[in-house]
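Some notes on the structure that comes next.
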Protein chains: 2
Amino acid sequence: MGERVLPRAERRRRTEEKILDAARSLFGELGYERATIRGVARRAEVDPALVMQYFGSKQELFQRSVRMAPAPDGELGPDEVVEHVLGSLGMKLELPEGSLAMLRSMLTHPEAAESARQMLGGQIGRLAEALPGEDARLRATLMTLTLLGITVGHQLLEMEELRGVRQEELARLLRPSLRALTGQDVP
Amino acid sequence: MGERVLPRAERRRRTEEKILDAARSLFGELGYERATIRGVARRAEVDPALVMQYFGSKQELFQRSVRMAPAPDGELGPDEVVEHVLGSLGMKLELPEGSLAMLRSMLTHPEAAESARQMLGGQIGRLAEALPGEDARLRATLMTLTLLGITVGHQLLEMEELRGVRQEELARLLRPSLRALTGQDVP
DNA sequence: CTTTTCGCTCAACGTTCGTTGACTCAACGA
DNA sequence: TCGTTGAGTCAACGAACGTTGAGCGAAAAG
């Protein structure tokens, strides 16, 4: 029947990706502690020992599941940066599964917390460059954490108040609020 | 020496409180999964079996550790509500240990997530009553999640950008941003 | 065809955890 | 004073976990 025979290299690649997909989704649903190697293996339709053989340890599997390409950055003005941030961190429904796994675990798994700090720090740094004023970095932090809070409430806590709310609606309500954090006062 | 003899009732009360304190701090540091009954018992200088005898299960111990008196609410105007929210959720360094334990676990422990939704829902409801307009509840949600994000970054992720920043400084930067979410437009 | 490689499975080990039941001993009530 | 209560301890259970090593069978190499 439909079972094709694959060369070894290709077969290995597919199995590894199948495990990584299962790991990303399970870590994203349950967090680092509750997600088990056995559970990942079951979801990937594979033996638990194979997961160990491929990734060495649960810790390394998690790291591989979470690693992502860093966002490309370009020079922006203080106004464009608001639009950029509105379209970037989390608001979009297409938040990659790897990020979800990292966010889910960041409060209870020290290594995930470090990854989160790095990712947020990157975002903050890029934002701060585009903002004027003395406390640009502090304001960039507050903007980033604002988006983090909404992402947490929406994607992880699944608050009913945000269920089915369109992205543009959120952007419309949030835009004045974020502009107020840019520091280019118009009082 | 300093070891006084206590009546049974009083002794029980003190031991129970000692265990609860240990549980709150350990749940707050590690989250539900990583914090163990044995660890709580060690911190409370007590036998693990005693913790079970007092609270029945780890789950019930967590619930008791997290339960808090709901914040008192009063009628507020749309302006006062901003000041109220600035002084309430998390910004203050005195965030009670029970809340910390709940927030730490909310992304990975389903029951903690439910408690968090309830607490945030309460805050949102109180806020929404004070806000004008059609989408008052949605804007109240965004205000609440903004504060949640900053609390998470500050108290749980311990982002260095917020280390040692004074509460009034945060309030000053955040005030215009939160006002922009009240909905009383002045464009 | 023979030998080697390697993807994969199976069965098990050791540890840690939540939880339990039997026990000890000092405080209490009659 | 004597029997009862109840706070606290001790040792152990069963389950689940991460992890390991031996082995099977098919693909690759010769």
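All of these numbers come straight from a predicted model, not from anything done at the bench. Order of the sequence lines fixes the chain letters, A, B, ..., with proteins taken first and strands second; residue numbering starts at 1 for each chain.
We find that NZ of Lys18(A) is positioned 11 Å from C1' of dC8(C), with the value rounded to whole Å. Rounded to an integer number of Å, the gap from CE of Met52(A) to C1' of dC8(C) is 15 Å. Going from atom NE2 of His109(A) over to atom P of dG18(D) covers 12 Å, rounded to whole Å. Rounded to whole Å, the distance from CZ on Arg13(B) to C1' on dA7(D) is 16 Å. Straight-line distance from the CZ atom of Phe55(A) to the P atom of dC8(C): 12 Å, rounded to whole Å. If you take CZ of Phe62(A) and P of dG18(D), they are 14 Å apart, rounded to a whole angstrom. Note: CZ (Arg14(A)) to C1' (dC6(C)) measures 19 Å, nearest angstrom.
Considering only side-chain N and O atoms, Ser57(A) lies nowhere under 4.0 angstrom from the phosphate OP1 or OP2 of dG18(D). At the phosphate of dA26(C), neither OP1 nor OP2 sits under 4.0 Å from any side-chain N or O atom of Arg11(B). Contact between the side-chain N/O atoms of Tyr54(B) and the OP1/OP2 oxygens of dG8(D) is found at a separation under 4.0 Å.
Put simply, the side chain of Ser105(B) never gets that close to the backbone of Met102(B): no donor and acceptor are under 3.5 Å apart. Panel note: side chain Ser177(B), backbone Ser177(A); a donor-acceptor pair is recorded below 3.5 Å. Between the side chain of Arg104(A) and the backbone N or O of Gly28(A) there is at least one donor-acceptor pair closer than 3.5 Å.
Every residue two or more places apart in sequence or in another chain that forms a salt bridge (Lys or Arg N to Asp or Glu O under 4.0 Å) with Arg139(B) is listed here: Asp135(B). Not counting sequence neighbours, the partners of Arg14(B) by the salt bridge (Lys or Arg N to Asp or Glu O under 4.0 Å) test are Glu10(B). With sequence neighbours excluded, no residue forms a salt bridge (Lys or Arg N to Asp or Glu O under 4.0 Å) with Glu111(A).
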Between the protein and nucleotides 24-30 of chain D, list every N/O to N/O distance that falls short of 3.5 Å.
from: dA27(D); atom 1: N3; to: Arg8(A); atom 2: NH1; distance (Å): 3.3
from: dA28(D); atom 1: OP1; to: Arg8(A); atom 2: N; distance (Å): 3.3

Detail all sub-3.5 Å separations between protein N/O atoms and N/O atoms belonging to nucleotides 9-17 of chain D.
from: dT9(D); atom 1: OP2; to: Asp47(B); atom 2: N; distance (Å): 3.1

| said: Does Thr15(B) form a side chain to side chain contact (heavy atoms under 4.5 Å, CB included) with Arg12(B)? I'd like the steps, not just the answer. | reply: CA-CA 5 Å; Thr15(B) 303; Arg12(B) 162 147 200 136; 5.9 Å; no
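The salt bridge (Lys or Arg N to Asp or Glu O under 4.0 Å) contacts involving residues 142-165 of chain A comprise Glu161(A)-Arg137(B), where partners must be two or more places apart or lie in separate chains.
Note that Arg34(B) lies outside the cation-pi zone of Tyr32(A), set by a 6.0 Å cut-off to the ring centre and a 45° limit from the axis.
Under the Watson-Crick or G-U wobble criterion, with both distances below 3.5 Å, dA11(D) is paired with dT20(C).
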